Amino acid sequence: MYFAPFIVRAEHERKVPVVIERATAEDLKATAKAPKWQTDWTSEYLADEKN
């Protein structure tokens, strides 16, 4: 098995490969700004190692 992430392009339902990169501190801060993301990746909850 290997990790092969993709998204599905709605207009033709084909898989589109993606590249996942490590988020920077600035990327994470952006999740707490408007427009709000579903998850604030800088939250204390997510920073807790047991979570």
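Everything numeric in this text was worked out from a predicted model, so none of it was measured. For reference, positions follow the sequence shown, starting with 1.
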*Only pairs at least two apart or in different chains count here, so list each side-chain hydrogen bond (donor to acceptor under 3.5 Å, both in side chains) that has a residue in residues 4-15.*
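Non-adjacent pairs meeting side-chain hydrogen bond (donor to acceptor under 3.5 Å, both in side chains): Arg9-Glu11.
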
*Please walk me through it: do Thr39 and Thr31 pass side-chain contact (heavy atoms from CB on, under 4.5 Å)?*
CA-CA 7 Å; Thr39 303; Thr31 67; over 6 Å; no

*Those residues that, when tested against Thr42, pass side-chain hydrogen bond (donor to acceptor under 3.5 Å, both in side chains) (two or more places apart)*: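 Expected list: Asp40.
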
*Apply side-chain contact (heavy atoms from CB on, under 4.5 Å) to the pair Phe6 and Val16, showing each step before the final yes or no.*
CA-CA 5 Å; Phe6 63 90; Val16 178; 5.9 Å; no

*What about Leu28 and Tyr45, same hydrophobic cluster or not, with Ile/Leu/Val/Met/Phe/Trp/Tyr joined at side-chain heavy-atom distances under 4.5 Å?*
yes

